[in-house]
There are 2 protein chains.
Amino acid sequence: MPTVAEPARPPGASVGTTEQLRRNNLSNILSLVHQGGPLSRARLTRMTGLNRSTVGAVVADLADLRLVNERMPERSAKAGRPSPVVHVDQGTVAIAVNPEVDAVHVGLVGLGGRVFKQVRVATANTPSAEQVVELATTAISDLLSRQDHSLRVVGIGVAVPGQVRLSDGLVREATHMGWFEQPLAAMFERSTGHPSWAANAAVLAMRAESTFGAGRDVDDLVYVIGGASGIGGGVVTGGRLLTGTAGYAGEFGHTFVRPSGTACQCGGHGCFEAEVTQQRLLDSVGLQAAQADQLSAALAESTNPDVAVLVAESLDLLGIVVRNAVNLFNPSVVVLSGFLAALHSAAPDDRALIGEAIRSARETVRVQDAALGADQLMVGAAEIVFAELIADPSGFLAS
Amino acid sequence: MPTVAEPARPPGASVGTTEQLRRNNLSNILSLVHQGGPLSRARLTRMTGLNRSTVGAVVADLADLRLVNERMPERSAKAGRPSPVVHVDQGTVAIAVNPEVDAVHVGLVGLGGRVFKQVRVATANTPSAEQVVELATTAISDLLSRQDHSLRVVGIGVAVPGQVRLSDGLVREATHMGWFEQPLAAMFERSTGHPSWAANAAVLAMRAESTFGAGRDVDDLVYVIGGASGIGGGVVTGGRLLTGTAGYAGEFGHTFVRPSGTACQCGGHGCFEAEVTQQRLLDSVGLQAAQADQLSAALAESTNPDVAVLVAESLDLLGIVVRNAVNLFNPSVVVLSGFLAALHSAAPDDRALIGEAIRSARETVRVQDAALGADQLMVGAAEIVFAELIADPSGFLAS
DNA sequence: CTGATAAGTTCTTTGTCACAACAAAATATT
DNA sequence: AATATTTTGTTGTGACAAAGAACTTATCAG
């Protein structure tokens, strides 16, 4: 007879035993080197507050796991014995996959966030989930075989333009791809043998930005990105990624901005992403979808009053989204990305965006544009894999 | 010369040393007993996953700190040696203060969340911050002197209807009280000698609900409360309270719901709390402000078509707020409180509230009414104090 | 009254980290 | 060029926390 289930909620951080303590220290130090680049052991000591000898032991453990290696610095500025610099291992990589309407992107990303290689496999039509897995699997073995040194692949991260259940990587719906209830992570695991995760692309873009870009060292961050397939976003609060109960949090694209507005693909009305689209802005200045990166310049150069009206109107609606977000999340930074960054650069100041947020929250928030370029999604997709590795380095590699 | 400041961000949970390990276990077990009521040591063992002997040692430590005590159970159901039941100490209390427009509420709340005593000190006019401190200080010594056993007061928690900076308990603005930039926590500390904290009343109401009420054991919770002074709220995500960078997060009352709507006190337009007020609903059924608790019944009984229209319209606007919240936070539960619960009970079903949220998030969310009654705010205000105590029991009492 | 069961108690072992003493390797000073 | 100073790695020791085993205690079932 099974015993009565306890409220299994692990109270507080799950660090109760000495074993978990060491795991935590391994995790923290690996995380610092992953995010902060090469760091001397002396700096790690100061940053963690641990003892010199402890840091030495932990770094030695990480080196045994081939996750980091130590090198003596070439030049040392200050007096005293030089401290060995801890680098992330260059042979440990994650594979990033990003299916799109007309192509599949596949990349090789090293621990530390460097994109080593990247390919774009074009498709004739919008690919099915099965096709994406097949194309990506081929591309992956191709990428790996062309590599000279042998790499250790720790897993696959897939960035999907749609809603993904984090627990098992099930794509609930990706309307632009025409996908519904596709167990994408499981499909990748079966096809490649590598442990796989999938998540919403906008959330992963934010992860990249939050770990390596404009949101670095920001504990309370709101990120909104606009692309060809709509508007998404993600939130970091208290230094932690906001996922919600299943991973669907951060859908800024479906914020209500206009009563009885255009019908949205989601079934609702007045959604932000139904009212403000990249296509409409591109059309207004006569650009093609492929020229989205020129939107900011084109908007700045335009003297067409119709464009000015469209921009003003779009900024107003973006302002509603940002205002709501500032009131709800009280972030220190709001990052705008994709065509929303272009829209932002067309605004005379940030008053249209945050002017109507409550004063207390408004005063300490700043709006800025994304810092990362095209690699963004590759880095973000790899990051879901690395996050798992970093959470429990030795446990992850043992399994 | 000061050394160069390191990015002092403690990576991950700050549990790096064996000392912090014990602190963490003290904290976890005290938290379980505080929230879950009396628990046997055997159950604590199962809930924490720690060893019998460890739990025994930790509980002994907590007993030494006079935070818990153990009693043998009167009746035992199963075979085997009876496990001592760990109770929260009844002599450890926090003082809860809640200033309102026409009164100051002061309460004595025990560890474990029981309200021992409570007084309402009526005021002729809306009191200033100084007056509130003065009235409350008198009421506190009065409450304490009338108590037969000697109590250990661990601190004061103040629930303020306005925006409060959490770090130092500065009231940034409480428009209904007419307060601006009042260092309320510091004022209480000076006047009473007890360590004091202040926070937004709606957030504290949510804390109560999240710890002891409808949001118990819910890791992803959205809470929206409507009262005489407007609409506020709070969010728990991933089991943690969402505060934002300074503590102003959760201002659902200023969500945009109607273009060119009524001007709001915040300076914005179309805010939810400007469009839907308790007063208007009370007026529609001919109730007074003091009869707010009868609103739900009155709305149910009303046959007036004007009331029906107002209710439908208000529900629509509430639906916008809830829909946005579901899309952004992906909660498992949305709790409605105050007059919003009355409004909710007047709805035929929850379709008006969550019908337009994105499907994936909508399917797993449920909307329910607050479970806690009038004590809510006292419990919540005490909770900011207890949270500090629980985070580091021995450190808190040593300081 | 006896056996089964469950859980507290005690003692030992293991593992983690802090600390102190020492050694090493660089710069700074004379 | 020699020496002092500074900073940091290294090593060994001790404190402390938790796990585990062996034993004891207290209840229930028959």
Side-chain angles (χ1 to χ4, degrees), chain A residues 1 3-4 6 12-29 39-64 68-86 393-395, chain B residues 1 3-4 6 10 13-29 39-64 68-86 392-394:
Chain A
M1 204 113 117
T3 49
V4 177
E6 297 289 341
S14 128
V15 182
T17 73
T18 50
E19 192 188 327
Q20 292 166 330
L21 185 63
R22 184 52 163 270
R23 175 190 311 164
N24 205 42
N25 282 333
L26 282 169
S27 171
N28 285 342
I29 288 186
L39 291 169
S40 73
R41 246 158 75 184
R43 281 199 70 186
L44 286 172
T45 302
R46 286 191 295 264
M47 290 168 93
T48 57
L50 298 174
N51 191 278
R52 283 212 291 269
S53 52
T54 307
V55 173
V58 170
V59 169
D61 273 14
L62 288 174
D64 285 347
V68 304
N69 43 58
E70 296 185 280
R71 296 181 221 157
M72 291 316 284
E74 298 179 4
R75 316 249 326 107
S76 62
K78 285 180 291 186
R81 180 173 178 172
S83 188
V85 177
V86 182
S394 74
Chain B
M1 200 111 123
T3 50
V4 179
E6 296 290 340
S14 134
V15 183
T17 72
T18 51
E19 190 189 327
Q20 292 167 329
L21 184 62
R22 183 53 162 266
R23 176 189 312 166
N24 206 43
N25 282 333
L26 282 170
S27 171
N28 285 342
I29 288 187
L39 291 169
S40 73
R41 243 155 76 184
R43 281 198 68 188
L44 286 172
T45 302
R46 287 191 295 266
M47 290 167 93
T48 56
L50 299 175
N51 190 280
R52 281 214 289 268
S53 49
T54 306
V55 173
V58 170
V59 169
D61 273 14
L62 288 174
D64 285 347
V68 304
N69 42 58
E70 296 185 280
R71 297 181 221 158
M72 291 316 283
E74 299 181 4
R75 320 250 323 109
S76 62
K78 286 180 290 187
R81 178 171 179 171
S83 187
V85 177
V86 182
D392 179 11
S394 74

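Going from atom CG of B:L21 over to atom P of C:dT16 covers 11 Å, rounded to whole Å. Protein atom CG of A:N28 is 15 Å distant from nucleotide atom C1' of C:dT16, rounded to whole Å. When the C1' atom of C:dC17 is taken as reference, atom CG of A:N25 falls 9 Å away, rounded to whole Å. Rounded to an integer number of Å, the gap from B:R23 CZ to D:dA18 C1' is 17 Å. For A:R43 and D:dT7, the CZ to C1' distance is 16 Å, given to the nearest whole Å. Rounded to an integer number of Å, the gap from B:R71 CZ to D:dA26 P is 20 Å. Residue A:Q20 contributes atom CD, which lies 8 Å from atom P of D:dA19 at whole-angstrom precision. Regarding A:E74, its CD atom lies at a distance of 13 Å from the P atom of C:dA26, rounded to whole Å.
For B:R52, there are no salt bridge (Lys or Arg N to Asp or Glu O under 4.0 Å) partners, not counting sequence neighbours. Qualifying side-chain hydrogen bond (donor to acceptor under 3.5 Å, both in side chains) partners for B:S53, counting only residues two or more places apart in sequence or in other chains: B:N51. Contacts of A:N69 classified as side-chain hydrogen bond (donor to acceptor under 3.5 Å, both in side chains), with partners at least two apart in sequence or in another chain: none. Residues forming a side chain to side chain contact (heavy atoms under 4.5 Å, CB included) with A:P393 (at least two apart in sequence, or on another chain): A:L26, A:S27, A:L30, A:L62, A:L65, A:L67. Residues satisfying the side chain to side chain contact (heavy atoms under 4.5 Å, CB included) test with B:S83, not counting sequence neighbours, are B:S40, B:R41, B:A42.
When distances run from any side-chain atom of B:T17 to the nucleotides C:dA18, D:dA26, D:dA19, the shortest one goes to C:dA18. Among the nucleotides D:dT27, C:dA18, D:dG9, the one closest to the side chain of A:S83 is D:dG9.
The nearest heavy atom of DNA chain C to A:V58 and to A:M72 marks one nucleotide each, and the one closer to the 5' end goes with A:V58.
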Tabulate protein N/O versus nucleotide N/O from nucleotides 9-12 of chain C, keeping only pairs under 3.5 Å, one per line.
unit_1: C:dT9; atom_1: OP2; unit_2: B:R41; atom_2: NH1; d: 3.4
unit_1: C:dT9; atom_1: OP2; unit_2: B:R41; atom_2: NH2; d: 2.4

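When side chains are defined from C-beta on, A:M72 counts as touching A:P82, because their heavy atoms get closer than 4.5 Å.
Taking side-chain N and O atoms only, B:T54 has a distance below 4.0 Å to OP1 or OP2 of D:dA19.
Of all heavy-atom pairs spanning A:I29 and A:V58, the tightest one is CD1-CG1, 3.7 Å.
Among the heavy atoms of the strands lying under 4.0 Å from B:T18 is at least one base atom, whether or not backbone atoms are also near.
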